[in-house]
There are 2 protein chains.
Amino acid sequence: MVSIKDVAALAGVSDRTVSRVASGDTKLLRPRTRKKVLKAIEELGYVPNRAAQMMRTSRSLVLGLMTDVVATTPFSTDIVRGIQDALESTPYTLLTINTSGDPAKEARSWQTFREHGIDGVLYVTMFHRQLPVTTQFPSIPVVLVNCSAPAHPERPYIVPDDYRGGYDAAAHLLAKGHRKIAYVALNEHILAADLRGSAFLDALAAERVEARGDWIVPGLVGDVFKDRFVAFENVTRILKQADRPTGIVCGNDEIALQCYCAALELGLKIPDDVSIVGFDDFQAVSNVVEPKLTTMALPYHEMGSLAVETLVGMLKGTPPKVLHTKYRCKLIERASVCQQNHPAEDTDLPARLTIEP
Amino acid sequence: MVSIKDVAALAGVSDRTVSRVASGDTKLLRPRTRKKVLKAIEELGYVPNRAAQMMRTSRSLVLGLMTDVVATTPFSTDIVRGIQDALESTPYTLLTINTSGDPAKEARSWQTFREHGIDGVLYVTMFHRQLPVTTQFPSIPVVLVNCSAPAHPERPYIVPDDYRGGYDAAAHLLAKGHRKIAYVALNEHILAADLRGSAFLDALAAERVEARGDWIVPGLVGDVFKDRFVAFENVTRILKQADRPTGIVCGNDEIALQCYCAALELGLKIPDDVSIVGFDDFQAVSNVVEPKLTTMALPYHEMGSLAVETLVGMLKGTPPKVLHTKYRCKLIERASVCQQNHPAEDTDLPARLTIEP
DNA sequence: TTGCCAAATGTCGACGTCGAAATTAGATGT
DNA sequence: ACATCTAATTTCGACGTCGACATTTGGCAA
């Protein structure tokens, strides 16, 4: 391994001078010396040794990415992409560990991070959720992404605004004139399901539209990670009714995909007979189905970038401006929703609606 | 930072003894001493310092994962999962860098790896492809995954057997009695498209089944990473013909999804009117569409594991048993293919077929 | 009890880097 | 030419660990 000393010998200067050149310490260096050293570095193919730097400075310039299954799962890979993209403009590198959601493995991972002298950690979960109070964090900077830790209010976190996203998804159908709207929910064990579900109800209530109980059905059942899709059956049943909804809000894009299958198999046209709104903008589905899916995009990429920005800021000593961020979702309008000119008899609204602004 | 010396002081032994305990060097240690040191380690929360270890031993116990976009793309995340799972049983950790396919970034990444004293590298591509001859590798152990480097025949690689997969996919439909089979191809710029495509033709030829030119259509067009799906239009056109195929082999599962949309919209039943075989077993699609998709699974997880095994072996000094591995694909039978009892008039086969075994 | 040997533990130094402090080179003014 | 001052460079040492080697300990046979 070629070290700073080899370079120094070749360039005819002291090792300390080489160190200065290598770390871009331009101020106290004569251009002539600098050039001489640069040439020697080039010639020998010298690369600084991070381990040695770290021993000296006790900073590793490595960040830890701890995920449950995010990094290996299709859905939230955009968080990772956002993180990596943002890391580009920093001196940090990323050490990735996947815990598979196993607490024992998580404990071991923290230890590994400590061994590596990780400067800070991005703790990312696949589903938007609250961490159990038992979750412990070591005393290094950590930014939570897609999850919050009620037991650790001092830890910054970044989550999507699922409530608002759910609200806006329903509102979109309402704005397009739909009044008969079904909702196919995510797995009830997920926080996002709760948020989006109650937002759906609130959005309908705000417009004085009835939320029919038999039109609110689960799309996924069973334990998280072992759940089963049931959207197809449930939606098929609903769409077979003579009086069927003209629009469906789905808990995610896979559920929307099952709705597509159900609707199409029944000979219904999308969006004319049924309009469908997805959630997640999971491109492998949303941009492939025909007609293309209108869906609520989760701001994963931005969340990842913001997380890096926040963490790097903390490492510089700048506390985050906003400790807890709820990132807004964005509706991606494609072709699965149409304007609904609902005939009078379809709208079963209280008269007072007419005096609404 | 609590070091080996602090522990030594507390336990009343020399630092060297602590070092031995910490590295699990059981042989030359009295159990009593060991226990004493272990207690001190526990008490102080000592964690070995990898940077120091590395300086001493000049091995980092870190592997580099260099990807083009794999880690951030839904399709081949199983490779990463396979890698991470296999890493579990080794002392290695993973430093991840994503090059976005940018050669400049790739060069920088190699440098970063060198700085970190990476012991070996897993070089993974999203698509099965051949690396251009311009691709350079530094002189450390590297295992290529999902790609090969004709210019570097000494480098081990692990790729899927796309040809055989394509062959078996077509053979499956043939075995089920289908004789009128269409093929919707991947983007022609991808190596896998080539392999699977020619395998399709060979499989049909082997059974003396005609491969109709107008039933072989692209499913994706445009530059890789910027391509556009055209399977829907193309398949719709084919399925509208009076004489239409009873089975379709698809270049991947997303193309299969477009076939679903096309077939269902035309009022055709899957699998009774059209049987469909996908490729990739991209679960977010294959296990969600209704009926569930029969598809050729790429052995991504196994490829990742084998890559780690190979690399770790190389680091131990064991050269890989097999330098270049083609991993077999596996057909996942679900519900999108049915037995086809083709009437005599449908088969337009040369008479000599009757004398085939 | 002594002597011997293997087992157990200790001492020392170097890995590559950079902070602090010390030294030298170069510029400026007289 | 010389003093003075700043800019540029060098010297020195320590970070935590473990390999090589040195030393001590404990057990056991004579």
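Proteins come first, then strands; the chains are lettered A, B, ... in the order of their sequence lines, and each starts at number 1.
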All N/O donor-acceptor pairs, side-chain side in residues 40-49 of chain B, below 3.5 Å, sequence neighbours left out:
{"residue": "N49(B)", "atom": "OD1", "partner": "A51(B)", "partner atom": "N", "Å": "2.8"}
{"residue": "N49(B)", "atom": "OD1", "partner": "A52(B)", "partner atom": "N", "Å": "3.1"}

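- Taking every heavy atom of both residues into account, A149(A) and F137(A) meet most closely at CB-CE1, 4.2 Å.
- Between R59(A) atom CZ and dC15(D) atom C1' there is a gap of 15 Å when expressed in whole angstrom units.
- Residues L63(B) and I83(B) form no side-chain contact, since every pair of their non-hydrogen atoms from C-beta on lies 4.5 Å or further apart.
- Ring planes of Y123(A) and W110(A): parallel class, angle under 30° (limits at 30 and 60°).
- At its two ends the helix from dT1(C)-dA30(D) to dT30(C)-dA1(D) runs along axes set 40° apart, each axis drawn from five pairs and the angle rounded to 10°.
- The shortest distance between side-chain heavy atoms of Q111(A) and E115(A) falls below 4.5 Å.
- D85(A) places no side-chain N or O within donor-acceptor distance of the main-chain N or O of G82(A), the cut-off being under 3.5 Å.
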Which atom pairs link the protein and nucleotides 16-23 of chain C when you take only N or O atoms and keep those under 3.5 Å?
{"residue": "dT17(C)", "atom": "OP1", "partner": "Y46(A)", "partner atom": "OH", "Å": "2.6"}
{"residue": "dT17(C)", "atom": "OP1", "partner": "N49(A)", "partner atom": "N", "Å": "3.0"}
{"residue": "dT17(C)", "atom": "OP2", "partner": "I4(A)", "partner atom": "N", "Å": "2.6"}
{"residue": "dC18(C)", "atom": "OP1", "partner": "Q53(A)", "partner atom": "NE2", "Å": "3.0"}
{"residue": "dC18(C)", "atom": "OP2", "partner": "S19(A)", "partner atom": "OG", "Å": "2.6"}
{"residue": "dC18(C)", "atom": "O2", "partner": "R56(A)", "partner atom": "NE", "Å": "2.6"}
{"residue": "dC18(C)", "atom": "O2", "partner": "R56(A)", "partner atom": "NH2", "Å": "3.4"}
{"residue": "dG19(C)", "atom": "O4'", "partner": "R56(A)", "partner atom": "NH2", "Å": "3.2"}
{"residue": "dG19(C)", "atom": "N7", "partner": "R16(A)", "partner atom": "NE", "Å": "3.0"}
{"residue": "dG19(C)", "atom": "N7", "partner": "R16(A)", "partner atom": "NH2", "Å": "3.2"}
{"residue": "dG19(C)", "atom": "O6", "partner": "R16(A)", "partner atom": "NE", "Å": "3.3"}

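- Remark: nothing in residues 36-44 of chain A comes within less than 4.0 Å of DNA chain C through any heavy atom.
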Got a list of protein N/O to nucleotides 24-26 of chain D N/O distances below 3.5 Å?
none

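- Nearest approach of G117(B) to M54(B), heavy atoms of both residues: CA-CE, 3.5 Å.
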Show me the donor-acceptor pairs within less than 3.5 Å that the side chains of residues 150-159 of chain B make with the rest of the protein, sequence neighbours left out.
{"residue": "H152(B)", "atom": "NE2", "partner": "T135(B)", "partner atom": "O", "Å": "2.8"}
{"residue": "R155(B)", "atom": "NH1", "partner": "I140(B)", "partner atom": "O", "Å": "2.9"}
{"residue": "R155(B)", "atom": "NH2", "partner": "P138(B)", "partner atom": "O", "Å": "2.9"}

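- Rounded to a whole Å, the CG atom of D6(B) is 10 Å from the P atom of dC15(D).
- A donor-acceptor pair shorter than 3.5 Å can be found between the side chains of T96(A) and T96(B).
- Ion pairing between a basic and an acidic side chain is recognised when a charged N comes within 4.0 Å of a carboxylate O; E302(B) and R328(B) show no such pairing.
- Distances shorter than 4.0 Å separate some side-chain N or O of T17(B) from OP1 or OP2 on dG10(C).
- Counting heavy atoms from C-beta on, the side chains of Y327(B) and L298(B) never come closer than 4.5 Å.
- Judged by distance alone, the side chains of T99(B) and D68(B) never bring a donor and an acceptor atom under 3.5 Å apart.
- Within the 4.5 Å cutoff, side-chain heavy atoms of T93(B) are placed close to those of R50(B).
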